[in-house]
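What follows is a set of notes on a single structure, which appears directly below.
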Amino acid sequence: VQLQASGGGLVQAGGSLRLSCAASGRTYSHYTIGWFRQTPGKEREFVAAISQSGGFTRYADSVKGRFTISRDNAKNTAYLEMNSLKPEDTAVYYCAIRSGIWTMRSGDYDFWGQGTQVTVSS
């Protein structure tokens, strides 16, 4: 399966971005989707996850109330709506999928997209 993350960019603090993660090669609805982010010198950090049906979501405390994860299985695409962005949200954002239930551990995910840069200026 191939994942393609897009939608990153440069935004001012307080602004919004919507990331997309498009999949090809597998039936998207079979997989839990996770979003992670990484800054230089740090480990990849869990951001959000959504269940196969979309009925269950989970967020890192640092983004709760500001970010929303969603998915459209018919389009094989997942989204991460990011509002009230802060400079500390600056990172490369990755989407990933796994066949089991959600986890916060990046090592549990089987396939990864290439990442999209999000930069939030103060």
Side-chain angles (χ1 to χ4, degrees):
V1 63
Q2 290 185 327
L3 301 176
Q4 180 76 32
S6 61
L10 173 64
V11 64
Q12 287 189 332
S16 299
L17 283 174
R18 189 175 82 155
L19 306 184
S20 298
C21 177
S24 61
R26 295 284 177 96
T27 304
Y28 210 36
S29 60
H30 292 175
Y31 296 91
T32 292
I33 300 168
W35 283 98
F36 292 78
R37 64 189 182 186
Q38 189 170 25
T39 54
K42 293 189 177 181
E43 293 192 358
R44 203 161 287 189
E45 174 191 22
F46 171 79
V47 175
I50 188 167
S51 62
Q52 289 90 332
S53 67
F56 176 85
T57 57
R58 184 64 181 258
Y59 298 92
D61 288 343
S62 59
V63 307
K64 202 173 295 183
R66 300 188 298 121
F67 289 12
T68 302
I69 187 172
S70 62
R71 64 190 297 165
D72 185 338
N73 287 338
K75 295 182 178 179
N76 268 13
T77 303
Y79 306 96
L80 185 68
E81 184 78 33
M82 305 186 296
N83 298 314
S84 302
L85 282 162
K86 304 175 181 180
E88 50 263 44
D89 295 319
T90 296
V92 177
Y93 283 71
Y94 298 89
C95 60
I97 61 174
R98 71 184 304 265
S99 56
I101 63 173
W102 79 276
T103 82
M104 299 174 65
R105 296 185 296 268
S106 59
D108 291 340
Y109 287 76
D110 303 310
F111 299 97
W112 290 82
Q114 85 289 0
T116 184
Q117 176 70 47
V118 172
T119 303
V120 184
S121 63
S122 56

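The first residue in the sequence is number 1, and the count goes up from there. Bear in mind that the values here come from a model prediction, so they are computed numbers and not experimental data.
- With values rounded to the nearest 0.5 angstrom, L17 atom CG is found 9.0 Å from L10 atom CG.
- For Q4, the side-chain hydrogen bond (donor to acceptor under 3.5 Å, both in side chains) criterion is met by no residue, not counting sequence neighbours.
- Annotation for I101: hydrophobic cluster partners, listed by chain and number, are none (ILVMFWY side-chain heavy atoms under 4.5 Å, direct or chained).
- Annotation: side chain of Q12 is in contact with side chain of S121 (closest heavy-atom distance under 4.5 Å).
- Rounded to the nearest 0.5 angstrom, S29 OG and N76 CG are separated by 7.5 Å.
- Between the CG atom in N73 and the CD1 atom in I33 there is a gap of 6.5 Å [rounded to 0.5 Å].
- Under the disulfide bond (SG atoms under 2.5 Å apart) criterion, the residue pairs touching residues 74-122 are C21-C95, with sequence neighbours excluded.
- Side-chain atoms of T39 never come within 3.5 Å of backbone atoms of A91 as a donor-acceptor pair (strictly under, hydrogens ignored).
- In this structure E45 satisfies the side-chain contact (heavy atoms from CB on, under 4.5 Å) test together with R37, S62, sequence neighbours excluded.
- Among residues two or more places apart in sequence or in another chain, the side-chain hydrogen bond (donor to acceptor under 3.5 Å, both in side chains) test is passed with Q117 by T119.
- Legend: residues meeting side-chain hydrogen bond (donor to acceptor under 3.5 Å, both in side chains) with D72, ordered by chain and number and at least two apart, are absent.
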Quiz item: Could you go step by step and tell me if R98 and T103 meet the side chain to side chain contact (heavy atoms under 4.5 Å, CB included) rule?
Solution: CA-CA 9 Å; R98 71 184 304 265; T103 82; 3.7 Å; yes
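- With sequence neighbours excluded, the residues that form a side-chain contact (heavy atoms from CB on, under 4.5 Å) with S84 are R66.
- F36 belongs to a hydrophobic cluster with F46, F56, V92, Y94, W102, M104, Y109, W112, counting contacts under 4.5 Å between side-chain heavy atoms of Ile, Leu, Val, Met, Phe, Trp and Tyr, direct or through other members.
- Pairs engaging residues 49-91 under the disulfide bond (SG atoms under 2.5 Å apart) rule: none recorded [sequence neighbours left out].
- Each of L19, I50, V63 was scored for a side chain to side chain contact (heavy atoms under 4.5 Å, CB included) with I69, with one residue passing: I50.
- For residues 108-122, the set of pairs meeting the salt bridge (charged side-chain N to carboxylate O under 4.0 Å, His left out) definition, not counting sequence neighbours, comprises R105-D108.
- Atoms NE2 and CD1, on H30 and I97 in that order, are 11.0 Å from each other to the nearest 0.5 Å.
- Comment: D61 engages K64 in a salt bridge, judged by a side-chain N to carboxylate O separation of less than 4.0 angstrom.
- With sequence neighbours left out, the side-chain contact (heavy atoms from CB on, under 4.5 Å) criterion links T68 to Y59, E81.
- Hydrophobic clustering places Y28 together with V1 (ILVMFWY residues linked when any side-chain heavy atoms are closer than 4.5 Å, directly or through intermediates).
- Taken to the nearest 0.5 Å, the CZ atom of R18 stands 11.5 Å off from the CE atom of M82.
- Residues that satisfy the side-chain contact (heavy atoms from CB on, under 4.5 Å) test with T77, not counting sequence neighbours, are S20, A22, K75, Y79.
- Under the 30°/60° scheme for interplanar angles, the aromatic rings of F67 and Y93 are found to be tilted.
- A donor-acceptor pair is defined here as one N or O able to donate and one able to accept, closer than 3.5 Å; such a pair exists between the side chain of R71 and the backbone of S51.
- Counting all heavy atoms, side chain and backbone alike, T32 lies closest to G100 at OG1-O, 2.7 Å.
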